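Residue numbers begin at 1 in each chain, while the letters A, B, ... track the order of the sequences. All values below were derived from every heavy atom in this structure, side-chain atoms included, with hydrogens, water molecules and symmetry-related copies excluded. It should be emphasised that the depicted structure is a prediction, and the values quoted were computed from it without experimental measurement.
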Number of protein chains: 2
Amino acid sequence: MAVFDVKHVGSLSPAVPREGAGPSPCSACEIRSLTICAPLNDIEQTQMAAIVSTVELQSGNPLFDEGEPADHVFNVTAGTVKVYKLLPDGRRQVTGFLFAGDFLGLANQETYAYSAEAVTLCNLCRFPRRKLENLMERFPRVEQRLLNIASNELAAAQDQMLLLGRKTAREKIASFLILLARRARQRGVNDNPVFVPMSRTDIGDFLGLTTETVSRTFTQLKKSNLIRLLPDSKVELSGREDLEEIAGGF
Amino acid sequence: MAVFDVKHVGSLSPAVPREGAGPSPCSACEIRSLTICAPLNDIEQTQMAAIVSTVELQSGNPLFDEGEPADHVFNVTAGTVKVYKLLPDGRRQVTGFLFAGDFLGLANQETYAYSAEAVTLCNLCRFPRRKLENLMERFPRVEQRLLNIASNELAAAQDQMLLLGRKTAREKIASFLILLARRARQRGVNDNPVFVPMSRTDIGDFLGLTTETVSRTFTQLKKSNLIRLLPDSKVELSGREDLEEIAGGF
DNA sequence: CGAACGTTTGACTATGATCAACCAATGTGG
DNA sequence: CCACATTGGTTGATCATAGTCAAACGTTCG
């Protein structure tokens, strides 16, 4: 029993023109510039559409688990996904939150090296790994794009190591809020108040803190008039300048 | 005044055959299978040699600093390099140690996002970023190789996040020793006793600990008969099985 | 209405940091 | 050649940040 629904977007065989009368969802894709499909022209896009399927994932449901065969890669088109690793005794490290446009599933192992789970209701494009690799042979620009994405992720990972290894709880929370705001801005979403869809536990597992410390630090920042907690998981960054300074470790 | 010496390996212009009578150092390269040059055939290798120069770097000297224009990428051929990021007040996070075969300098920014410095006497191959990019257009296998390397680094970064965010000092030190041993093994070097060329400060900055805690944890492991500290910066992993368990968080 | 869950707050604790002294090895200059 | 300084490492005493354990509160959902 699958925990998510899958729909095929294009025809399965490149020889057959795409089925139905309407255009493939890809041509209407509003976030293409953010995805791995960004460098494709119309013809190439059609070939991409032929191997892609869309996935809808309810909040809290797994996309895949660490150790599973890594048969697919994904592009988030809506919602928020978290990726994490576990220790045998249950300690968890969230290594990233993914939003619309973000790519997911890069690995050269046969199996996923981490688990992925929906934080909110999500939509994703799903590519069979093998078929995408074949396509990349023909479209080197997609491979370049992927290398570009990987480089960015690597830089983000290094920032996160600095945060985890050397920042205080206050600096971690400030950095986190600034990060969410920046990422919202990148995809053209309102960045103040910023939408914070994940739980205190998830935030703690991302920042190397406990939920209690996350909660305490939020109230502390609130009392300093640097943030305001609004309804619907929104946080107003009242003292954005100061938050940036705290986040930067000044 | 440069802190490192540079020698050109091949001719500067691809039109002119490589200078001198002897073969380029690349054809004698003992660690090619570990580097970005691995997928090159002889002809391609010659073109690569034309843009490469070699760098020797004394222990403690910088290769580049965060914020500098990222004009070159590097491949370590001998010795150990550390890469790190700093906070304004001097707090440091070492994000990685690099050994023979390791690639260095990936970034899509105009500037380096981190600093790199020699831990021991080092040799490196230096590639002008722009010229390598041009070469990659012609040799897509090098780009694939680079994507492969980036994927591996990303997986390693996620492991390190788990370590920094969720492991105890004891688990961090055990993980570190196991990591050094595994990496030594990968490049065909004796992995027990393992060579630990970096200082306690560097280890602490890599693991998110202070030098004192690193030192105390070493003595603690020593008293548990899991390791022995040998001369010449060697550490014997006496209880390797147990160390693996501790490192894994059991 | 009650159960379950996520969040907040409080009291106390523990892990690792800080501050400080000491030791061993290495290098320098008289 | 030896006194001395410097550096890296170890150990000790104390402290502070964040973790643990616990309780209460508010929301949401059967």
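At a threshold of 4.0 Å, the pair B/Asp159-A/Lys85 counts as salt-bridged, since one of the basic side-chain nitrogens sits closer than that to a carboxylate oxygen. Residues A/Arg240 and A/Glu244 are paired through a salt bridge, judged by an N-O separation under 4.0 Å between the basic side chain and the carboxylate.
One atom, CD of A/Gln220, and another, C1' of C/dT7, lie 17 Å apart when rounded to the nearest Å. Going from atom NZ of B/Lys172 over to atom P of C/dT15 covers 14 Å, rounded to whole Å. Regarding A/Asp202, its CG atom lies at a distance of 11 Å from the C1' atom of C/dG6, rounded to whole Å. When rounded to the nearest whole Å, the span between CD1 of B/Ile173 and C1' of D/dT10 equals 14 Å. The distance between atom CG of A/Leu230 and atom P of C/dT7, rounded to the nearest whole Å, is 16 Å. Remark: P of D/dT11 and CZ of B/Phe218 are 13 Å apart, rounded to the nearest angstrom.
Between A/Phe64 and A/Tyr114, the two ring planes are tilted [angle within 30° to 60°].
The main-chain N or O of A/Phe206 is found under 3.5 Å from a side-chain atom of A/Gln93 such that the two form a donor-acceptor pair. Without hydrogens or angle criteria, A/Thr211 side chain to A/Arg200 main chain gives no donor-acceptor distance under 3.5 Å.
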Mind listing the side-chain donor-acceptor pairs of residues 232-239 of chain A below 3.5 Å, one per line with the distance, residues two or more places apart or on another chain?
{"unit_1": "A/Glu236", "atom_1": "OE1", "unit_2": "A/Arg228", "atom_2": "NH2", "d": "3.3"}
{"unit_1": "A/Glu236", "atom_1": "OE2", "unit_2": "A/Arg228", "atom_2": "NE", "d": "3.4"}
{"unit_1": "A/Glu236", "atom_1": "OE2", "unit_2": "A/Ser238", "atom_2": "OG", "d": "3.2"}

Side-chain donor-acceptor pairs of residues 29-36 of chain A under 3.5 Å, sequence neighbours excluded:
{"unit_1": "A/Thr35", "atom_1": "OG1", "unit_2": "A/Arg32", "atom_2": "O", "d": "2.9"}
{"unit_1": "A/Thr35", "atom_1": "OG1", "unit_2": "A/Cys37", "atom_2": "N", "d": "3.0"}

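In terms of the side chain to side chain donor-acceptor pair (under 3.5 Å) criterion, residue partners of A/Thr213 (sequence neighbours excluded) are, by chain and number, A/Thr210.
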Protein-nucleic acid N or O pairs under 3.5 Å, nucleotides 6-9 of chain D:
{"unit_1": "D/dG9", "atom_1": "OP2", "unit_2": "B/Arg200", "atom_2": "N", "d": "3.1"}

Check: protein-nucleotides 16-24 of chain D nitrogen or oxygen pairs below 3.5 Å:
{"unit_1": "D/dA18", "atom_1": "OP1", "unit_2": "A/Ala169", "atom_2": "N", "d": "2.7"}
{"unit_1": "D/dG19", "atom_1": "OP2", "unit_2": "A/Thr210", "atom_2": "N", "d": "3.3"}
{"unit_1": "D/dG19", "atom_1": "OP2", "unit_2": "A/Thr210", "atom_2": "OG1", "d": "3.2"}
{"unit_1": "D/dG19", "atom_1": "OP2", "unit_2": "A/Thr213", "atom_2": "OG1", "d": "2.6"}
{"unit_1": "D/dT20", "atom_1": "O4", "unit_2": "A/Arg216", "atom_2": "NH2", "d": "2.8"}
{"unit_1": "D/dC21", "atom_1": "N4", "unit_2": "A/Glu212", "atom_2": "OE2", "d": "3.0"}

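Remark: A/Arg126 is not positioned above the aromatic ring of A/Phe74, lacking an NZ or CZ atom under 6.0 angstrom from the ring centre and at most 45 degrees off the axis. For the pair B/Arg187 and B/Phe99, the cation-pi criterion (under 6.0 Å, within 45° of the ring axis) is fulfilled.
Rotation axes derived from the C1' atoms of the five outermost pairs at either end of the helix from C/dC1-D/dG30 to C/dG30-D/dC1 lie 30° apart, to the nearest 10°.
Judged by distance alone, the side chains of B/Ser175 and B/Lys167 do bring a donor and an acceptor atom under 3.5 Å apart.
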